[in-house]
Amino acid sequence: MLLFERAPLFIGLAAILISAIILRLAWKKKYGFLFFYTLFCVYVLHLGKYTLFPIPIDPRLIADKARVANTFAEEMNLIPFFFPAGFGLADMQVLLNIALTVPFGFGISFLGKTHLRKIVLLGLLVGCTIESLQLLIGLALGFPYRYVDINDVIMNFLGVVIGYGIFRLFSIVFIKVTKNLHIKNDPFMRVLQKST
């Protein structure tokens with residue numbers, strides 16, 4: 001099994017470090033931005049950990065799993081809000097799929113100006129990307145190693161939108177409080193002001 005804690009983690013962390021250095025040296029990004037950028041990238045790495053890993057890589061294990069696995073049609077749901085018997089909107093898996101992407105909607109706003117239309121597109125892109133990668137990895141392995149579900153896309157989308165709403169509330173309250181208390185305009189506040 002290819003575990004996230006091995007090569008993927010180290011490659012991801014190295015890519016974040018190199019990209020942060022490039023942003024600082026070539027693009028002259030401020031340290032406040034780089035702090036939020038790094039946090040967001042580490043979150044995205046962990047998003048991949050929980051949605052894509054572990055990935056079977058041992059040929060014998062792949063052959064064993066492929067022999068007993070269901071077909072791709074049996075491991076895929078393309079009907080929105082259709083849940084198998086005993087599974088519904090109140091199920092923990094649904095709530096986890098929403099919670100998984102709330103930090104995306106919150107964190108992306110620190111990296112640049114956002115608006116609702118952009119967040120809607122990003123929310124759809126996040127959910128579609130995760131499910132597409134799960135499907136592509138399954139196709140490469142020759143069996144569906146993860147259940148591909150349109151409901152996951154919808155719940156991931158909702159999580160991104162909720163995260164964005166939380167960011168908007170947080171930034172409005174934070175800016176008002178700091179202005180009322182006459183707190184000096186520090187790098188953290190400047191990043192928030194640029195994002196709202």
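- Not one N or O on the side chain of Lys176 forms a donor-acceptor pair closer than 3.5 Å with the backbone of Ser171.
- Once rounded to the nearest 0.5 Å, the distance linking CG of Asn70 with CD of Glu75 reads 4.5 Å.
- Applying ring-ring contact (aromatic ring centres under 6.0 Å, His included) to Phe40 and the options Phe104, Phe167, Phe33 leaves one that passes, Phe104.
- Annotation: the span from Asp149 atom CG to Ile130 atom CD1 amounts to 12.5 Å, rounded to 0.5 Å.
- The OG1 atom of Thr114 lies 9.0 Å from the CG atom of Leu122; values are rounded to the nearest 0.5 Å.
- Residues Phe170 and Ile108 share a hydrophobic cluster, clusters being chains of Ile/Leu/Val/Met/Phe/Trp/Tyr side chains in contact below 4.5 Å.
- Atom CG of Asn156 sits about 9.5 Å away from atom SG of Cys128, to the nearest 0.5 Å.
- Side-chain contact between Val177 and Asn180 is absent, with no heavy atoms from C-beta onward closer than 4.5 Å.
- Taking CD1 of Ile18 as the start and CG of Leu23 as the end, the distance is 12.0 Å to the nearest 0.5 Å.
- Across Gly159 and Thr101, no two heavy atoms sit closer than the pair CA-OG1, 3.3 Å.
- Taken together through direct or relayed side-chain contacts under 4.5 Å among Ile, Leu, Val, Met, Phe, Trp and Tyr, Tyr50 and Ile137 form parts of separate hydrophobic clusters.
- Annotation: side chain of Phe157 is not in contact with side chain of Val126 (no heavy-atom distance under 4.5 Å).
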So Asp58 and Ile62, side chain to side chain contact (heavy atoms under 4.5 Å, CB included) or not? Walk me through it. CA-CA 6 Å; Asp58 180 353; Ile62 292 171; 6.0 Å; no
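- Geometric assessment of Lys49 against the ring of Phe53 yields a negative cation-pi assignment under the 6.0 Å and 45° thresholds.
- Proximity of Pro54 to Phe4: side-chain heavy atoms (C-beta onward) are nowhere separated by under 4.5 Å.
- Here the closest non-hydrogen pair linking Leu100 and Tyr43 is O-OH, 2.6 Å.
- Linking ILVMFWY residues whenever their side-chain heavy atoms come closer than 4.5 Å, directly or via other members, places Leu39 and Ile166 in the same cluster.
- Two residues are said to be in side-chain contact when any heavy atoms from C-beta on lie closer than 4.5 Å; Leu45 and Ile16 meet this criterion.
- Here the closest non-hydrogen pair linking Val153 and Leu124 is CG1-O, 4.4 Å.
- The hydrophobic cluster containing Val42 does not contain Ile22, counting ILVMFWY residues as joined when their side-chain heavy atoms lie under 4.5 angstrom apart, directly or transitively.
- The shortest distance between side-chain heavy atoms of Phe143 and Pro56 falls below 4.5 Å.
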Set out, in order, the CA-CA distance, both residues' side-chain angles and the distance that settles side chain to side chain contact (heavy atoms under 4.5 Å, CB included) for Ile150 and Phe82, then state yes or no. CA-CA 9 Å; Ile150 190 67; Phe82 169 77; over 6 Å; no
Would you sort out whether Thr51 and Gln134 count as a side chain to side chain contact (heavy atoms under 4.5 Å, CB included), showing the intermediate values? CA-CA 8 Å; Thr51 57; Gln134 289 175 347; 4.0 Å; yes
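- Taking the six-membered ring for Trp and the full ring otherwise, Phe35 and Phe110 have centroids separated by 6.0 Å or more.
- Tracing side-chain contacts under 4.5 Å through hydrophobic residues (I, L, V, M, F, W, Y), one never reaches Val94 starting from Tyr147; they form parts of separate clusters.
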Should Leu139 and Phe72 be marked as a side chain to side chain contact (heavy atoms under 4.5 Å, CB included) after you check the CA-CA gap, both sets of side-chain angles, and the distance that decides it? CA-CA 9 Å; Leu139 289 171; Phe72 280 97; 3.7 Å; yes
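- Under a 4.0 Å N-O distance rule, the pair Glu131/Arg146 does not qualify as a salt bridge.
- In terms of heavy atoms, Leu52 sits closest to Ile55 at O-CG1, 3.2 Å.
- For the atom pair Ile98 CD1 and Ile154 CD1, the distance stands at 10.5 Å (nearest 0.5 Å).
- The heavy-atom pair separating Leu116 from Tyr164 by the smallest distance is N-OH, 3.8 Å.
- Judged by distance alone, the side chain of Asp152 and the main-chain N or O of Asn97 form no donor-acceptor pair under 3.5 Å.
- Contact between Leu34 and Ala20 at its shortest, heavy atoms only, is CD2-O, 3.7 Å.
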